[in-house]
Q: 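So that we are looking at the same thing, I have put the structure below in structure tokens.
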Amino acid sequence: MAFTQDELKQQVAKAAVEYVKSGIIGVGTGSTANYFIEELAKVKNKIDGAVASSEATAQRLKSHGIEVYDLNSVDALDIYVDGADEITEHMHMLKGGGGALTREKIVAAVAKSFICICDETKYVPVLGKFPLPIEVLPMARSYVARELVKLGGQPKLRDFTTDNGNVILDVHGLTIQNPVEMENKINQIVGVVTNGLFASRGADVLLLATSNGVKTFKR
Ligand code: 5RP
């Protein structure tokens with residue numbers, strides 16, 4: 001039976017709720033994460049609350065009656081649940097399609113386990129077909145764009161301001177054979193806040209919704 005992409009996102013969101021035990025949960029941003037919030041709301045009595053990776057997610061959590069904590073008031077998170085724009089068999093991800101990459105990376109860094117929830121369209125052999133988002137301080141925009149061209153990409157300014165007041169350059173035309181190296185290289189460019197490669201710290205668990213059910217991969 002063929003499912004729509006939205007049905008696959010719903011299925012994987014349901015599967016992720018099995019990982020919710022207690023305490024405070026890190027919650028990502030995007031349409032798949034939104035389906036997860038709907039499922040989380042059904043088991044909200046099990047948890048104390050959540051840390052959000054964006055203002056949009058915080059609003060959505062609150063609208064479901066889930067308490068939202070400031071990350072600074074939380075010492076540890078057992079799990080962070082979020083989608084991705086692309087993910088490989090090595091659990092390297094490309095993220096930031098929704099522009100929330102910086103807060104996503106911060107919340108993920110605090111979590112013991114990153115649970116990535118994706119439909120099968122996101123599972124790729126090599127990262128880079130989806131334009132790589134880079135959050136940049138506004139005054140560094142042109143300089144960073146020139147440096148990204150030197151790395152072989154074609155940066156385009158997104159018409160968007162991040163929750164942190166910065167801009168996003170979406171870098172087209174990259175074939176990212178070594179995501180850890182590329183993540184580190186881009187981080188060295190002055191003015192870059194965060195890049196959308198989540199490779200040095202990839203996913204710990206991938207729940208992948210396919211037409212044959214949700215498959216689980218572990219690092
Ligand atoms: C937002 C993200 C999202 O996880 C990513 O864009 C996937 O989104 P969706 O679940 O809507 O396909 O990184 O910054």
Side-chain angles (χ1 to χ4, degrees), residues 3-17 19 25-40 50-61 71 79-88 91-111 113-124 127-136 156-172 174 176 179 183 186 192-210 214:
F3 296 103
T4 65
Q5 192 175 12
D6 273 331
E7 285 168 338
L8 292 174
K9 288 180 182 187
Q10 271 169 313
Q11 288 170 16
V12 79
K14 268 196 195 359
V17 167
Y19 289 78
I25 309 300
V27 182
T29 298
S31 56
T32 318
N34 287 346
Y35 283 123
F36 172 69
I37 293 169
E38 281 175 28
E39 297 303 322
L40 187 63
V51 171
S53 65
S54 64
E55 298 297 337
T57 288
Q59 287 313 317
R60 198 172 276 262
L61 287 162
L71 184 63
I79 60 168
Y80 175 67
V81 181
D82 198 359
D85 298 300
E86 292 181 339
I87 184 162
T88 69
M91 309 293 242
H92 297 144
M93 294 170 284
L94 187 157
K95 289 180 48 54
L101 59 161
T102 298
R103 295 190 187 193
E104 290 172 348
K105 223 178 234 194
I106 295 169
V107 183
V110 175
S113 184
F114 188 131
I115 300 172
C116 181
I117 50 174
C118 285
D119 63 85
E120 59 193 348
T121 64
K122 311 290 186 66
Y123 196 62
V124 297
L127 301 177
K129 196 164 180 202
F130 190 96
L132 175 64
I134 320 270
E135 181 164 352
V136 178
K156 290 205 168 62
L157 182 64
R158 196 187 296 185
D159 184 15
F160 180 80
T161 302
T162 69
D163 285 347
N164 315 308
N166 298 314
V167 298
I168 300 265
L169 293 171
D170 288 309
V171 188
H172 297 247
L174 294 173
I176 305 167
E183 182 179 7
I186 295 174
V192 167
V193 178
T194 313
N195 73 76
L197 288 170
F198 287 54
S200 297
R201 196 276 155 88
D204 300 294
V205 177
L206 166 61
L207 300 176
L208 189 70
T210 75
V214 176

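First listed ligand is number 1; within each ligand, the first listed atom is number 1. Side-chain atoms are counted along with the backbone in the values below, which use heavy atoms only and exclude waters and symmetry mates. The structure presented is a predicted model; accordingly, all values stated were derived computationally and were not measured. Count residues from 1 along the sequence.
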Q: Using the rule given for side chain to side chain contact (heavy atoms under 4.5 Å, CB included), can you reason through Ile115 versus Asp204, listing the C-alpha separation, both sets of side-chain angles and the distance that settles it, and then say yes or no?
A: CA-CA 6 Å; Ile115 300 172; Asp204 300 294; over 6 Å; no
Q: Would you find a donor on one side and an acceptor on the other, under 3.5 Å apart, between the side chain of Thr32 and the backbone of Lys9?
A: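 Such a contact is absent between Thr32 side chain and Lys9 backbone.
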Q: Among all protein heavy atoms, pick the one closest to atom 12 (O) of ligand 1 and tell me residue, atom and distance.
A: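 Scanning the protein heavy atoms, the shortest distance from atom 12 (O) of ligand 1 goes to Lys122 NZ, 2.7 Å.
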Q: With respect to atom 14 (O) of ligand 1, which of Met93, Lys9, Glu104, Lys95 exhibits the smallest heavy-atom separation?
A: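 Ranked by closest heavy atom to atom 14 (O) of ligand 1, first place is Glu104.
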Q: Just jot down the ligand 1 atoms closer than 4.0 angstrom to any heavy atom of Gly98, in number order.
A: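 So the atoms of ligand 1 that pass are 1 (C), 6 (O), 14 (O).
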Q: Report, in ascending order of atom number, the atoms of ligand 1 lying under 4.0 Å from any heavy atom of Gly97.
A: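 Under 4.0 Å from Gly97, ligand 1 has these atoms: 6 (O), 13 (O), 14 (O).
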Q: Donor-acceptor pair, Asn164 side chain versus Asn166 backbone, under 3.5 Å?
A: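 Judged by distance alone, no pair lies under 3.5 Å.
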Q: Taking atom 11 (O) of ligand 1 as the point of reference, which of Ser31, Ala33, Ala13 owns the nearest heavy atom?
A: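 Ranked by closest heavy atom to atom 11 (O) of ligand 1, first place is Ser31.
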Q: Using 4.0 Å as the upper bound for N to carboxylate O, is an ion pair formed by Arg103 and Glu55?
A: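 Yes, this pair counts.
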Q: Nearest non-hydrogen atom to atom 7 (C) of ligand 1 belongs to which of Thr121, Thr32, Thr57, Asp85?
A: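 Comparing heavy atoms across Thr121, Thr32, Thr57, Asp85, the nearest one to atom 7 (C) of ligand 1 lies in Asp85.
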Q: Mind checking whether Ala84 contacts ligand 1 via backbone (N, CA, C, O), side chain (CB onward), both or neither, at a 4.0 Å heavy-atom cut-off?
A: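 Within the 4.0 Å criterion, Ala84 contacts ligand 1 through backbone atoms alone.
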Q: Taking atom CD of Glu183 and atom CG of Leu132, what is their separation to the nearest 0.5 Å?
A: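 Answer for the CD-CG pair, Glu183 versus Leu132, is 9.5 Å.
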Q: Quick check with a 6.0 Å cut-off and a 45 degree axis cone: is Lys95 positioned over the face of Phe198's six-membered ring?
A: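 Yes - Lys95 lies over the ring of Phe198, closer than 6.0 Å to its centre and within 45° of its axis.
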Q: Quick check on contacts: which atoms of ligand 1 are under 4.0 angstrom from a heavy atom of Thr29?
A: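 Every atom of ligand 1 under 4.0 Å from some heavy atom of Thr29: 1 (C), 2 (C), 3 (C), 4 (O).
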Q: If the cut-off is 4.0 Å to any non-hydrogen atom of Gly96, which atoms of ligand 1 fall inside it?
A: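 Counting from 1, the qualifying ligand atoms are 2 (C), 13 (O), 14 (O).
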Q: For Ala100, counting its heavy atoms only, list the atoms of ligand 1 lying under 4.0 Å from any of them.
A: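 Listed by number with element: 14 (O).
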Q: With a 4.0 Å cut-off on heavy atoms, is Gly28 touching ligand 1?
A: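 So Gly28 does not count as touching ligand 1.
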Q: Between the side chain of Asp119 and the main-chain N/O of Asp6, is any donor-acceptor distance below 3.5 Å?
A: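 No, because the side chain of Asp119 does not come within donor-acceptor range (under 3.5 Å) of the backbone of Asp6.
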Q: If the cut-off is 4.0 Å to any non-hydrogen atom of Gly99, which atoms of ligand 1 fall inside it?
A: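 In order of number, 14 (O).
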Q: Looking only at distances, can you tell me whether any N or O atom of Gly30, backbone or side chain, sits closer than 3.5 Å to an N or O atom of ligand 1?
A: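 The answer is no, given that Gly30 and ligand 1 share no N or O pair closer than 3.5 Å.
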Q: To the nearest 0.5 angstrom, please state how far the CG atom of Asn195 sits from the OG1 atom of Thr102.
A: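 One finds 9.0 Å between CG of Asn195 and OG1 of Thr102.
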Q: Taking Asp170 first and then Arg158, would you say they form a salt bridge - that is, a charged N and a carboxylate O separated by under 4.0 Å?
A: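 Salt bridge flag = yes for Arg158 with Asp170.
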Q: Polar-atom distance check: Gly83 versus ligand 1, any N or O pair below 3.5 Å?
A: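 Between Gly83 and ligand 1 (N or O atoms, distance only) the closest approach is under 3.5 Å.
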